[in-house]
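Bear in mind the structure is a predicted one, so any value in this text is a computation, not a measurement. Ligands are counted one by one from 1 in listed order, and the atoms in each one are counted from 1 as well.
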Amino acid sequence: MRLEGKVALISGAARGIGAAQALLFAREGAKVGIGDIREDEGRGVAAEITAAGGESLFVRLDVTSEQDWAGAVDAVLDRFGRLDILVNNAGIAERATVEDTTADEWDRMMAVNARGVFLGTKAVITYMKSAGGGSIVNISSISGLIGSSWATAYNASKGAVRLLTKSTAIQYAVDGIRANSVHPGPIQTPMILQVFPNAETRESRMSAVPMGRFGNPEEVAYGALYLASDESSYVTGSELVIDGGATAV
Ligand code: NAD
C-alpha cells in the first residue's frame, strides 16, 4: 500500500475532491483526519472509511480559524500519534467579474482559499520539522495558473496558493518537508454545479476542455496520492496539472 503507516489530515474532506482523497488515502493504508465545517457529511466519510476497515477521525475545522487548526492537529496527533501529510483542500468558488465582485466577497474568498492554506501550513510546520519531515499538498486550480473571464477573487486566491506552496517548499526543504500544488481543471463535484448551475454553462465549460468532459474527484485524488507518498521524495515546489488538457491549448 502506498501510504502504509502514514497519517494524513485533509481539509474540506466532507465531500467532493477532499472526500475522494480521504477514501483513496485510507485504501492505501493511511489513517485519515477529516477536517470540515460540514459535520454530518464529514462524519459520514469517516464512517465509510471505518466500515471498510480503515482508521479515520472527523474534526470540525473552519480553515479560516487559527484556533480550529491547532485543535485539528492536536486531535490527529492525540488519536494517531503522528502526522505525515497535510492536504490543504478546502475551498470555495464564485463566478463574478471584477465589477461584480464586492469587497466582502473578495475577503471571504481570500480568507478560505488563501488564509486557510497559510494557517494549515503554519499549524503543521513546527511539528513536521521536529518529526523530521512531511508532505504538504495544496489544492490550487488551473485558475491559479491562468486568468479567467468569469472568475476574479477565486483566481487571485488560487494564484496565492501556488506561490505560498513554492515558498514553503524552499523554506523547509532542509527539514525534509515537501510542499507541492495540484491544479485541477473542472471536476465533477458540488462546487462545479454551484459555479455552473445550468446545463448550458456546463456544456460551454466542457467544450473548452480538449478531453471534452469534466474530471472526476478520484482523478485528482490520485495526483495528491503521488505527492503525499514517498514516491515523490525528490518533488517539492512543483505544480501538478490535472485538467484534461484545458491549459495546454
Ligand atoms: P466542494 O465544494 O465539493 O467541497 C469543498 C469542501 O470544502 C466542502 O466539504 C466544504 O464544506 C469545505 N469547506 C468550505 N469552506 C470551508 C472552511 N471554511 N473550512 C473547512 N472546510 C470548508 O469543492 P471541490 O470541488 O471538492 O473542491 C475542493 C478543492 O479543489 C477546492 O480547493 C477547489 O477550489 C479545488 N478545485 C476544484 C475544482 C472543481 O472544478 N471542482 C477545480 C479546481 C480546483
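In terms of heavy atoms, Q188 sits closest to L193 at NE2-CD2, 4.1 Å.
Interface of R38 with ligand 1, defined as ligand atoms under 4.0 Å from a residue heavy atom, comprises 8 (C), 9 (O), 10 (C), 11 (O). Ligand-side atoms of ligand 1 in range of I192: 40 (O), range being under 4.0 angstrom from any heavy atom. Interface atoms of ligand 1 facing I139, defined by a heavy-atom separation under 4.0 Å, are 29 (C), 30 (O), 32 (O), 35 (C).
Taking each of A93, S141, G116, G185 in turn, the one with a heavy atom nearest to atom 38 (C) of ligand 1 proves to be G185. In this structure, of D243, D36, N89, the residue bringing a heavy atom nearest to atom 29 (C) of ligand 1 is N89. For the residues P190, S140, S11, the heavy atom positioned nearest atom 44 (C) of ligand 1 is part of S140. In this comparison of A90, G91, G16, the heavy atom closest to atom 5 (C) of ligand 1 sits on G91.
With a 4.0 Å heavy-atom cut-off, ligand 1 is reached by no atom of I142. The side chain of K158, and not its backbone, has at least one atom closer than 4.0 Å to an atom of ligand 1 (non-hydrogen atoms only; side chain from C-beta on).
Heavy atoms from other residues, nucleotides or ligands lying under 6.0 Å from NZ of K166 number more than 12.
Among all protein heavy atoms, the one lying closest to atom 36 (N) of ligand 1 is Y154 OH, 3.6 Å. What sits closest to atom 27 (O) of ligand 1 on the protein, heavy atoms only, is M191 CE, 3.8 Å. Counting protein heavy atoms only, atom 26 (O) of ligand 1 is closest to I17 N, 2.8 Å. Taking atom 18 (N) of ligand 1 as the reference point, the nearest protein heavy-atom neighbour is D62 OD1, 3.0 Å. Taking atom 24 (P) of ligand 1 as the reference point, the nearest protein heavy-atom neighbour is T189 OG1, 3.6 Å. Of the protein's non-hydrogen atoms, P184 O, 3.2 Å is the one closest to atom 43 (C) of ligand 1. Distance from atom 4 (O) of ligand 1 to its nearest protein heavy atom, with residue and atom name: R15 NE, 3.5 Å. Looking at atom 19 (N) of ligand 1, its nearest protein heavy atom turns out to be V63 N, 3.0 Å.
Ligand 1 lies within reach of P186, whose nearest heavy atom is under 4.0 Å from it. Look at E41 and you'll find every heavy atom at least 4.0 Å from all atoms of ligand 1.
Considering backbone and side-chain N/O of I187, one or more are found under 3.5 Å from N/O of ligand 1.
Applying the ring pair (Phe, Tyr, Trp, His ring centres under 6.0 Å) criterion to F196, with sequence neighbours excluded, gives W150. Looking at residues two or more places apart in sequence or on another chain, you find a salt bridge (charged side-chain N to carboxylate O under 4.0 Å, His left out) between D68 and R60.
Side-chain atoms of T236 come within 3.5 Å of backbone atoms of A179 as a donor-acceptor pair (strictly under, hydrogens ignored). S11 contributes no side-chain N or O that, together with a main-chain N or O of G35, makes up a donor-acceptor pair within less than 3.5 Å.
Taken from CG in L61 to CD in E39, the straight-line distance is 11.0 Å, to the nearest 0.5 Å. The structure places CD1 of I136 at 5.0 Å from CE of M128, a figure rounded to the nearest 0.5 Å. Remark: M191 CE to S141 OG distance equals 8.5 Å, nearest 0.5 Å.
Residues S238 and N180 have side chains that bring a donor and an acceptor to within less than 3.5 angstrom of each other. In this model, a donor atom of one side chain and an acceptor atom of the other lie less than 3.5 Å apart for T64 and D62.
Between D36 and R15, none of the side-chain N atoms (NZ, or NE/NH1/NH2) sits under 4.0 Å from a carboxylate O, so this pair counts as no salt bridge.
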